[in-house]
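Please read all numbers here as calculations on a predicted model, not as lab measurements. Just so you know, ligand 1 is whichever comes first in the structure, and atom 1 is the first atom listed for that ligand.
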Amino acid sequence: MAYFPEVSSKVAYEGPGSRNPLAFKRYDADKVVGGKTMREHLRFAISYWHTFKGTGSDPFGLPTMDRAWDASSDPIQRAKDTMDAAFEFFTKLGVDFWCFHDRDIAPEGATFADSCKNLQILTDYAEQKQKETGVKLLWGTANLFSHPRYQAGAATNPNPDVFAYAASQVKHAMDATFQLGGQGYTFWGGREGYDTLWNTKMQQERAQFAALLHMAVDYKKQIGFTGQFYIEPKPMEPTKHQYDSDTEACLNFLREFDLMDHLKLNLETNHATLAGHSMQHEMRAAREAGILGSVDANTGDELLGWDTDQFPTNVYLTTQIMLELLAMGGFTTGGLNFDAKVRRQSIDTEDLFHAHIGGMDAFARGLEIAQAIIEDGRLQKFVDDRYEGWTHGFGQKVLDGRRTFADCEDHVLRHGEPARKSGRQEALENLINEFTL
Ligand code: XUL
Ligand code: CO
């Protein structure tokens, strides 16, 4: 059965002049940009939870989307139908990767053992589908936030029995990810925070979270899983405060609990903006700390203050993201995972194609622009010239720790009032627009 009849074969690249809404205008998978193909640079992945499990429900309203794959009354059959739809979609769109939570692909059973059995059935099914299609797993994860048992947190729960449950669930989600050849495994702590400090031991909870991550590191070695672990920052929602709130909070956490060697970050645009940062800031902070791993590619709404998880269409944003990725030398295990959902009124399966095609085109364009800005070299030259004083003499000695307050005072007495220079913000914004307009 075809779940996506509106696209008969593979979505084609037709170029910028095309007026076909179901064709790529910019994403030309095999086109080489800066020595690598677009496919190799961008490593697109589809989020199973939004694209195949999203229903259009919101806190005020019921589901709006009737999906043919969600019809069977048998939960296992429904899960298999959903997976058939997913692999049909991946193949028609021409993406190489997917991402999932354990409970997205397999239903929770009456007992923990039943849930594990269900997960195993669907993992085997996914393994077969991956073999047939060549689609690969970017990362897997465990849903430790939907079930009522996690109402007060998973690893950070006041009750150690819940910690044990969460850890066991992670163990099985890691097994599934390993079986599917996952290139990574993500920890997003949706409930790892607090709703009120009146009932919370904050430092105790942070230590609990670290304990779970150390167990995961040990288990990874035990089973021989070599994929990359990621932690995904978010400052709030569903909790009032999430402990791994942004890149810099994660860095502090990873350093404090001796986890720096074991985790990188999976950064999400809408989480960055919820934290009061630009995605460019989060990417820069992670890249320069050497822990930028993967990206959940979406965007928020300028006026809505929650995680709207919209598809990215803003070329200025994708350019900023691609500039940081190119500066890092590109992804290794990571990729661009569309952790994004179509709007509640976008009820047709066709809308899923429009959403992903738009996101892929926006990133392909961002990649080309970023590469052109780098090849042009003027932006980098301006920044390098701005900091030139730190590359030799007094500046270099300060950075090397070979200067004291007394040396600084001596420097001032000899050099007098420092020269001031323009930061040229407007000129640089115009320079970027030479490429984006
Ligand atoms: C929630 C979110 C998650 C993670 C995986 O805001 O981004 O879907 O990406 O658990
Ligand atoms: Co995410």
Side-chain angles (χ1 to χ4, degrees), residues 43-55 57-59 97-106 108 137-147 150 153-156 166 169-170 172-174 176-177 182-193 209 212-213 216 227-247 249-250 263-275 277 279 282-283 286 292-301 304-312 321 333-342 355 359:
R43 293 169 59 87
F44 290 123
I46 307 292
S47 295
Y48 206 91
W49 50 102
H50 285 310
T51 300
F52 310 109
K53 302 294 287 181
T55 64
S57 66
D58 71 11
F97 297 100
W98 64 300
C99 297
F100 72 93
H101 299 84
D102 50 359
R103 299 298 180 251
D104 303 334
I105 63 168
E108 180 120 12
L137 180 63
L138 191 69
W139 50 259
T141 186
N143 180 329
L144 304 178
F145 44 89
S146 294
H147 195 280
Y150 298 125
T156 61
Q169 206 183 313
V170 169
H172 285 268
M174 280 176 63
T177 301
Q183 304 202 0
Y185 183 93
T186 293
F187 294 89
W188 171 62
R191 304 258 175 215
E192 313 296 26
F209 190 28
L212 180 127
L213 293 174
Q228 175 65 51
F229 274 167
Y230 306 111
I231 196 161
E232 181 176 325
K234 186 175 182 183
M236 65 188 88
E237 197 207 21
T239 55
K240 175 187 172 71
H241 174 81
Q242 191 174 312
Y243 296 130
D244 41 4
S245 50
D246 65 2
T247 295
C250 285
L263 288 106
K264 288 188 172 174
L265 298 188
N266 178 39
L267 295 179
E268 177 165 327
T269 316
N270 207 164
H271 297 180
T273 46
L274 280 179
H277 302 308
M279 184 59 161
E282 287 292 85
M283 299 276 300
L292 176 52
S294 201
V295 169
D296 271 7
N298 65 11
T299 193
D301 181 278
L304 299 177
W306 64 90
D307 196 14
T308 59
D309 282 342
Q310 287 165 235
F311 278 83
I321 292 174
T333 53
L336 291 167
N337 169 44
F338 288 114
D339 192 352
K341 60 185 176 207
V342 290

Looking only at N, O or S atoms, find the one in [X] nearest to the Co ion (ligand 2) and name it.
X	result
Glu268	OE1
Asp296	OD2
Glu232	OE2
Asp339	OD2

For [X] and [Y], I'd like to know if the aromatic rings sit close, meaning centre-to-centre distance below 6.0 Å.
X	Y	value
Trp139	Phe97	no
Phe229	Phe187	yes
His50	Phe311	no

Problem set entry | Smallest separation among heavy atoms of Ser47 and Phe338, with atom names | OG-O, 2.9 Å

Exercise. Under a heavy-atom criterion of less than 4.0 Å, does His271 contact ligand 1?
Worked result: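 Contact check His271 vs ligand 1: positive.
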
Problem set entry | ligand 1 contacted by Thr186 (non-hydrogen, < 4.0 Å) | no

Purely on distance, is any nitrogen or oxygen of [X] under 3.5 Å from one on ligand 1?
X	result
Glu232	yes
Trp188	no
Asn266	no
Asp307	yes
Lys234	yes

For this session: May I ask you to say whether Lys234 pairs ionically with Asp246, meaning some side-chain N is under 4.0 Å from a carboxylate O?
Result: no

Exercise. When rounded to the nearest 0.5 angstrom, what distance separates CG in Asp301 from OG1 in Thr308?
Worked result: 5.5 Å

Problem set entry | Value rounded to 0.5 Å, distance of CG in Leu265 from CD in Glu232 |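 One gets 10.0 Å once the value is rounded to the nearest 0.5 Å.
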
For this session: Please determine, by modelled atom types, if His172 and Asp102 share a side-chain donor-acceptor pair under 3.5 angstrom.
Result: no

Exercise. Which of the atoms of ligand 1 are close to Asp296, meaning less than 4.0 Å from one of its heavy atoms?
Worked result: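 Answer for ligand 1: 9 (O).
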
Exercise. Quick one: does Ser294's side chain have a donor or acceptor within less than 3.5 Å of a partner on Gly335's backbone?
Worked result: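 The answer is yes, because a donor-acceptor pair under 3.5 Å joins these two groups.
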
Exercise. Counting backbone and side chain alike, does Asp309 bring an N/O/S atom below 2.8 Å of the Co ion (ligand 2)?
Worked result: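 No - counting backbone and side chain alike, Asp309 has no N, O or S atom under 2.8 Å.
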
For this session: Give the residue and atom name of whichever protein heavy atom lies nearest to atom 5 (C) of ligand 1, and the separation in Å to one decimal.
Result: His101 NE2, 3.3 Å

